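One structure is given below, encoded as structure tokens.
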Amino acid sequence: MYPLNNIIILAFMAIFATQACAQGSEPDFEQQRKQMVSQQLRSRDITDSRVLDAMNRVPRHLFVPVRMRGYSYQDSALPIDYGQTISQPYIVALMSQLLTIGPGDKVLEIGTGSGYQAAVLAEMGADVFTIEIVPGLGTQAERLLKSLGYDSVKVKIGDGYLGWPENAPFEAIIVTCAPTEIPEPLEVQLAEGGRMVIPVGESGFQQLLLLEKKEGRIRRQKTIDVRFVPMVDNEGNTY
Ligand code: SAH
């Protein structure tokens, strides 16, 4: 018979050993993140060092469901909760680069989803206002962003088609769900000299457009073909 003290010590040692083992076998996410930046972003056309630095810092694996963590740094979009998706890292980087934002810029995001894109913009120094229509996703993202210290991100649950007039105008607007037409309220809420990136088109086939407001007029430019989830209203109808 062991004295009780020894049993307690042995139990603690066993727990400690299991934890150490689990930590030792955890994938090296930092290394994977560095590789993602060099192989998927730098090697393509992502040249803005603020985008590259931000994506090197944001722990993408914490924004995907636990069962998907092992795939966090792969070159693809991934499913998140409520049937939505977190965009491919390259698309997050490209959209962030197209916005050409600087520290202190007010940026509106439509489609908070996991909160990952918002975190990247916050790392670039932006004041981020992000709107999510699925309450469960919005509150989950808000909690995660707060726990990671992204205090410059404000999350609102609602229909992003309408924008966030109380905080307009925005130097940049990023839309991460796809309407078939550009929502007029968003054009109105874009600041003079501001930029908007938005996927526009039917479900599954959209073009990523870059809009610029100059002297009150909107100039559009097509970039690449993309696939985003549709922008929907509160009844689930697509815009
Ligand atoms: N930017 C996200 C990915 C967004 S997926 C990220 O980094 O993870 C697209 C999101 O847009 C989904 O969460 C979807 O619920 C949301 N969405 C769709 N229509 C919307 C609307 N009208 N207003 C706000 N969010 C909307």
Side-chain angles (χ1 to χ4, degrees), residues 36 41 51 54-55 57-65 68-69 71-74 76-99 101 107-124 126 128-145 148 150 153-165 167 170 172-186 189 196-204 206 208 226-239:
M36 170 192 85
L41 311 183
V51 175
M55 295 202 45
R57 283 196 295 269
V58 179
R60 181 171 162 96
H61 60 281
L62 299 182
F63 290 84
V64 306
M68 301 302 298
R69 268 199 189 150
Y71 305 99
S72 314
Y73 296 99
Q74 290 197 357
S76 60
L78 293 173
I80 55 173
D81 294 340
Y82 300 89
Q84 303 302 327
T85 52
I86 176 173
S87 305
Q88 177 192 5
Y90 172 70
I91 296 295
V92 173
L94 179 67
M95 292 174 89
S96 307
Q97 178 166 274
L98 287 169
L99 291 175
I101 51 171
V107 181
L108 175 66
E109 180 192 28
I110 311 303
T112 315
S114 68
Y116 177 69
Q117 174 76 70
V120 169
L121 297 169
E123 280 284 358
M124 292 172 69
V128 185
F129 295 82
T130 179
I131 307 179
E132 172 55 55
I133 203 161
V134 177
L137 269 181
T139 46
Q140 191 172 305
E142 185 174 30
R143 216 175 303 132
L144 177 61
L145 288 162
L148 294 174
Y150 291 113
V153 182
K154 316 270 179 304
V155 182
K156 170 170 144 172
I157 309 296
D159 185 350
Y161 182 93
L162 304 168
W164 198 330
N167 291 296
F170 299 95
I173 299 181
I174 175 169
V175 184
T176 65
C177 46
T180 51
E181 304 282 342
I182 298 163
E184 208 201 309
L186 300 184
Q189 290 170 37
M196 178 176 353
V197 275
I198 178 168
V200 177
E202 303 297 329
S203 154
Q206 303 120 18
L208 190 64
V226 284
R227 208 157 72 182
F228 277 85
V229 299
M231 181 184 278
V232 294
D233 65 16
N234 281 314
E235 272 77 54
N237 303 311
T238 56
Y239 274 115

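Keep in mind the model is a prediction, meaning the values are calculated, not measured. Quick note: numbers below take in every heavy atom, side chains included, and nothing from hydrogens, waters or symmetry partners. Note that ligands are numbered from 1 as they come in the structure, with each ligand's atoms numbered from 1 the same way.
Residues passing the side-chain hydrogen bond (donor to acceptor under 3.5 Å, both in side chains) test with Q206, sequence neighbours excluded: none. Residues satisfying the side-chain contact (heavy atoms from CB on, under 4.5 Å) test with V200, not counting sequence neighbours, are I182, I198, L209.
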Using a 3.5 Å cut-off and no angle test, enumerate the donor-acceptor pairs between side-chain atoms of residues 231-239 and protein atoms at least two apart in sequence or in another chain.
{"from": "D233", "atom 1": "OD1", "to": "E235", "atom 2": "N", "distance (Å)": "2.9"}
{"from": "D233", "atom 1": "OD1", "to": "G236", "atom 2": "N", "distance (Å)": "3.1"}
{"from": "D233", "atom 1": "OD1", "to": "N237", "atom 2": "N", "distance (Å)": "2.9"}
{"from": "Y239", "atom 1": "OH", "to": "D159", "atom 2": "OD2", "distance (Å)": "2.4"}

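Atom CZ of R69 has more than 12 heavy atoms from other residues, nucleotides or ligands within 6.0 Å.
One finds the NZ atom of K156 at 9.0 Å from the CD1 atom of I110 (value rounded to the nearest 0.5 Å).
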Report all N/O contacts between ligand 1 and the protein shorter than 3.5 Å as a table of atom names and distances to 0.1 Å; if there are none, say 'none'.
{"from": "ligand 1", "atom 1": "1 (N)", "to": "E109", "atom 2": "OE2", "distance (Å)": "3.0"}
{"from": "ligand 1", "atom 1": "1 (N)", "to": "G111", "atom 2": "O", "distance (Å)": "3.0"}
{"from": "ligand 1", "atom 1": "1 (N)", "to": "T176", "atom 2": "OG1", "distance (Å)": "3.1"}
{"from": "ligand 1", "atom 1": "7 (O)", "to": "Q117", "atom 2": "N", "distance (Å)": "3.0"}
{"from": "ligand 1", "atom 1": "8 (O)", "to": "S114", "atom 2": "N", "distance (Å)": "3.0"}
{"from": "ligand 1", "atom 1": "8 (O)", "to": "S114", "atom 2": "OG", "distance (Å)": "2.6"}
{"from": "ligand 1", "atom 1": "13 (O)", "to": "E132", "atom 2": "OE1", "distance (Å)": "2.7"}
{"from": "ligand 1", "atom 1": "13 (O)", "to": "E132", "atom 2": "OE2", "distance (Å)": "3.4"}
{"from": "ligand 1", "atom 1": "15 (O)", "to": "E132", "atom 2": "OE2", "distance (Å)": "2.6"}
{"from": "ligand 1", "atom 1": "19 (N)", "to": "V232", "atom 2": "N", "distance (Å)": "3.1"}
{"from": "ligand 1", "atom 1": "22 (N)", "to": "D159", "atom 2": "OD1", "distance (Å)": "2.9"}
{"from": "ligand 1", "atom 1": "22 (N)", "to": "V232", "atom 2": "O", "distance (Å)": "2.7"}
{"from": "ligand 1", "atom 1": "23 (N)", "to": "G160", "atom 2": "N", "distance (Å)": "2.8"}
{"from": "ligand 1", "atom 1": "25 (N)", "to": "I133", "atom 2": "N", "distance (Å)": "3.3"}

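No donor-acceptor pair closer than 3.5 Å links the side chain of E132 to the backbone N or O of G138.
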